[in-house]
Student: 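Once you've had a glance at the structure underneath, I'll fire off some questions.
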Amino acid sequence: MSTAAKTALVKIAFEKASLRISIDEILPLRQLTPSVLKSVKYAQIAASIAEVGIIEPPVVVRDGTDRNRFHLLDGHIRVDILRARGETEVVCLVATEDEAFTYNKRISRIAIIQEHKMILKAIEKGVSEERLARALNVNITSIRHKRSLLEGICPEVVDLLKDRHVPINTFGELKKLKSIRQIEAAELMIAMNKYSISYAKSLVAATPESQLVRGTKTVKGLSQQQIDMMEGESATLDREFKAIEQDYGSDHLDVILATGYVARLLENARVVRHLAHRHPDILAEFQKIAEVQKAA
């Protein structure tokens, strides 16, 4: 299949041109709570808009019956601030489908990588670092660190961590690793749901020198023997992780089929009566499994 043919099969997520839309024509999907309105984040975004304007446009989708009305998918705080400032219009991206839930799961506006991209966009528009620091109520050193956040980070890791709440110093540790090891470290962080600087340092400490970007590794408080042991344990953990990852798909399917079968069994009153009289302990376990299946 040609590249053009493949492109034709990919559904465009947004309309090609952004639109300037009347704020009165934008219907929010949720109301902001009093705690959100009083939050530091709300005040920070309000300061940013006052100083440099809207950097990332809100995302809307057209109403199913009236194409001149729009539902707000992303950007509730930004639109609320604009309305409070007396603005009547805002430039928006127009999504082609209503993906409010999945969109907000994919994009985290306060994730560090998203903040990095926001800063780069602002600088591209001519906003100075000093002005950004005032807008975000941080010192200029913080802005410079965030601006260079992804220098030395491979694209695959950026994609893996783009929605994760990763401390800025963790990226500093990842930069000590070569690309392949960066990817492995990011995957381990996601699997363990641990992104702390201490965990990142332990991954660096357990990395062979051949997978480090530069120089001989020095880890305070650890002997060379302890470092070698950590490297061996890390290699074993990597192999076990990959083996689990390979089996996950089939194991997950087996679990879905098994829980579905148990749930169907419990829909049969005769089966439930039999288990209640003869095997109450098994019935109790089956009911737990069925509850988990319903929750999923």
Side-chain angles (χ1 to χ4, degrees), residues 11-140 142-143 146-147 149 162-165 168:
K11 190 163 186 179
I12 298 174
F14 300 97
E15 294 183 7
K16 292 182 179 180
S18 56
L19 288 181
R20 182 173 292 277
I21 302 171
S22 169
I23 291 177
D24 290 337
E25 300 297 327
I26 300 175
L27 306 175
L29 292 182
R30 64 178 186 274
Q31 295 297 317
L32 298 180
T33 63
S35 61
V36 170
L37 296 174
K38 296 177 182 177
S39 68
V40 172
K41 190 64 183 177
Y42 187 97
Q44 189 178 62
I45 294 172
S48 174
I49 290 174
E51 188 72 32
V52 299
I54 292 287
I55 296 172
E56 291 191 68
V59 178
V60 298
V61 66
R62 292 184 186 275
D63 184 82
T65 57
D66 184 354
R67 288 182 58 78
N68 292 320
R69 291 181 70 80
F70 301 85
H71 297 277
L72 183 59
L73 300 184
D74 181 76
H76 286 73
I77 290 179
R78 279 164 279 167
V79 170
D80 187 81
I81 290 169
L82 290 174
R83 183 179 285 110
R85 287 170 54 85
E87 303 286 346
T88 58
E89 294 181 327
V90 60
V91 174
C92 297
L93 293 176
V94 182
T96 55
E97 289 187 1
D98 183 354
E99 294 189 353
F101 298 105
T102 56
Y103 185 88
N104 285 322
K105 285 179 181 177
R106 286 197 303 268
I107 304 296
S108 174
R109 295 302 172 190
I110 59 174
I112 186 68
I113 289 179
Q114 296 299 326
E115 193 170 351
H116 159 80
K117 292 179 178 179
M118 181 196 74
I119 289 170
L120 289 186
K121 285 181 181 179
I123 291 172
E124 287 172 5
K125 291 183 176 181
V127 181
S128 68
E129 291 177 344
E130 292 82 1
R131 194 176 175 193
L132 272 174
R134 289 197 304 271
L136 298 176
N137 196 28
V138 296
N139 61 54
I140 195 168
S142 175
I143 293 294
K146 290 174 181 177
R147 179 181 182 178
L149 178 76
K162 64 184 178 183
D163 300 331
R164 312 283 174 169
H165 299 275
I168 191 169

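All figures in this text were calculated on a predicted structure; none of them were measured in a lab.
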Student: Closest heavy-atom contact between Glu87 and Ile23?
Tutor: O-CD1, 3.4 Å
Student: Under a 3.5 Å distance rule, please check whether His71 uses its side chain to pair with a backbone N or O of Leu29 as donor and acceptor.
Tutor: no
Student: Rounded to the nearest 0.5 Å, what's the gap from CG on Asp63 to CD on Glu25? Could you check?
Tutor: 10.5 Å
Student: Could you measure the distance from the CD atom of Glu89 to the CD1 atom of Ile26? Nearest 0.5 Å is fine.
Tutor: 9.5 Å
Student: Roughly how far apart are Leu93 CG and Leu73 CG, rounded to 0.5 Å?
Tutor: 10.5 Å
Student: Supply the atom-to-atom distance Leu32 CG to Lys38 NZ, rounded to the nearest 0.5 angstrom.
Tutor: 13.5 Å
Student: Answer whether the closest heavy-atom distance between the side chains of Ile168 and Leu149 falls below 4.5 Å.
Tutor: yes
Student: Return the minimal non-hydrogen interatomic distance between His76 and Pro28, and the atom names on each side.
Tutor: CD2-CB, 3.7 Å
Student: Quick one: closest heavy-atom pair of Pro58 and Val91, and the distance?
Tutor: CD-O, 3.4 Å
Student: Just how far is it from atom CG of Leu120 to atom NZ of Lys146, taken to the nearest 0.5 Å?
Tutor: 12.5 Å
Student: Could you tell me the separation between the CZ atom of Phe70 and the OG atom of Ser22, rounded to the nearest 0.5 Å?
Tutor: 10.0 Å
